[in-house]
Amino acid sequence: MRLRLPKACDLQKLLLAGMAMVATLSFLSHSKCEFEAIFNFGDSNSDTGGFWAAFPAQSGPYGMTYFKRPVGRATDGRLMLDFLAQALGLPFISPYLQSIGSDYRHGANYATLASTVLLPNTSLFVTGISPFSLAIQLNQMKAFKTQVEEHSWDQQESKRLPSRDIFGKSLYTFYIGQNDFTSNLAAIGVGGVKQYLPQVVSQIAGTIKELYALGGRAFLVLNLAPVGCYPSFLVGLPPYELDAFGCSISYNNAVVDYNNMLKETLRQTRGSLPNASLIYVDTFSVLLELFRHPTSHGLKYGTKACCGHGGGAYNFDPKVFCGNTKVINGRTVTATASSDPYNYVSWDGVHATEAANKLVTWAILNGSYSDPPFPFHDFCDLQPLN
């Protein structure tokens with residue numbers, strides 16, 4: 001089944017309407033929001049420093065725009081999660097694994113770079129897959145809740161921990177599954193990957209049920225992005241594999257199949273969660289529109305990485321990733337970043353730029369890309385995204 005996508009002008013109108021809405025509401029706002037915290041589960045698309053807290057090594061030019069230094073995010077600046085927290089009037093969500101400088105009064109972020117939904121059957125040092133899969137992240141959440149309950153009397157600890165009743169007043173966000181999809185593409189192809197995707201959506205649904213039992217009542221699940229438009233997966237593909245916009249037909253079709261499966265599974269799960277909001281968010285459509293028509297949304301480059309090496313259509317070389325230096329064919333080369341990341345959709349060939357993340361967040365806040373519709377301004381006095 002072909003996914004119906006909004007036209008460039010339609011998305012632009014929605015984004016402009018969303019910006020106007022947030023600007024108006026923030027003017028009238030007293031920073032009131034039904035969501036007092038965010039608990040996030042995910043991979044590098046929403047990791048605010050967890051992976052690099054566990055395995056310190058991140059270098060520039062990551063973080064070059066907003067933070068002016070590497071801060072554990074796989075982009076040039078802020079993530080969708082950062083913008084979402086900002087819109088809800090919350091501080092950036094601290095990584096659960098970061099022991100120094102964290103403040104958990106408004107939630108915790110369990111996401112780590114390279115995480116998967118399914119338990120990995122290999123080591124980080126062999127394939128690069130994080131040991132912090134969704135099941136581990138859920139266990140961390142359970143441990144966190146226990147610690148909050150046990151230390152509620154401790155005045156010192158309470159300075160950086162939330163109240164005991166926070167769990168029913170929080171937003172639980174999921175942006176995970178991309179690595180389950182992409183990590184084995186080269187080895188087993190699209191057909192092989194699709195065989196275990198039902199297990200992925202089942203695991204996500206099961207995790208939501210467990211969080212519901214812990215007191216969670218509002219769940220936001222972002223679907224998979226159009227990886228068939230990512231420069232890292234386009235390098236080396238023959239022209240007949242690409243659509244009119246330069247994206248991989250087979251990869252994106254497989255993602256659409258997965259997203260439809262996820263949407264249906266969440267619909268079925270919804271019935272077993274009384275008095276809860278379980279929201280499916282179609283970030284795929286928004287990002288696909290940005291990749292296809294970047295200039296319609298204030299950007300310049302769709303399927304070309306901002307930070308990379310090699311130039312050309314993709315500016316991506318699998319031999320040397322963003323920020324790295326290697327000797328290739330006897331010559332020392334460095335994958336550097338353009339000075340204008342705000343003109344790009346893709347940051348490093350695998351992740352979105354801050355500019356793209358901000359545009360997608362506008363669409364999320366608007367509620368038009370959610371099923372069922374979930375306009376955030378019905379629950380919060382939204383703050384401006386600067």
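Keep in mind that the numbers below use all heavy atoms, side chains included, and drop hydrogens, waters and symmetry copies.
Residues forming a side-chain contact (heavy atoms from CB on, under 4.5 Å) with P198 (at least two apart in sequence, or on another chain): M261. The side-chain contact (heavy atoms from CB on, under 4.5 Å) check on L242 picks up L234, L237, Y314, with sequence neighbours excluded. Listed by chain and residue number, L138, N139, E210, L214 satisfy the side-chain contact (heavy atoms from CB on, under 4.5 Å) test with K142 (two or more places apart in sequence, or in another chain). Residues passing the side-chain contact (heavy atoms from CB on, under 4.5 Å) test with S163 are D165, I166, sequence neighbours excluded.
Its side chain within the 4.5 Å cluster rule, M64 clusters with Y62, W347 among the Ile, Leu, Val, Met, Phe, Trp and Tyr residues. Other residues sharing the hydrophobic cluster of V333, ordered by chain and number and joined by side-chain separations under 4.5 Å: V320, I328. Y66 shares a hydrophobic cluster with F67, V71, F92; the chain of contacts runs through ILVMFWY side chains whose heavy atoms sit under 4.5 Å apart.
For the side-chain hydrogen bond (donor to acceptor under 3.5 Å, both in side chains) condition, the pairs that include at least one residue of residues 318-328, sequence neighbours left out, are T325-T334. Applying the disulfide (SG to SG under 2.5 Å) test to every pair with at least one member in residues 51-127, sequence neighbours left out, gives no pairs at all. Each ring-ring contact (aromatic ring centres under 6.0 Å, His included) pair with one or both residues in residues 201-240, not counting sequence neighbours, appears once here: Y172-F219, Y230-F291. Within the structure, disulfide (SG to SG under 2.5 Å) pairs that include any residue of residues 222-281 comprise C229-C247 (at least two apart or interchain).
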For this session: Start with the C-alpha gap between L266 and D371, add the side-chain angles, then the distance that decides, and say whether side chain to side chain contact (heavy atoms under 4.5 Å, CB included) holds.
Result: CA-CA 10 Å; L266 295 182; D371 180 48; over 6 Å; no
Residues 249-256 side chain polar contacts: donor-acceptor under 3.5 Å, at least two apart:
residue : atom : partner : partner atom : Å
S250    : OG   : E241    : OE1          : 3.1
N252    : OD1  : G228    : N            : 2.8
N253    : ND2  : I249    : O            : 3.4

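Note on ring orientation: taking the six-membered ring where Trp is involved, the planes of Y110 and Y96 are tilted (angle from 30° to 60°). Classified by interplanar angle (parallel below 30°, tilted 30° to 60°, perpendicular above 60°), the ring pair F321/F316 is perpendicular.
For A108 against I93, the heavy-atom pair with the smallest separation is C-CG2, 3.5 Å.
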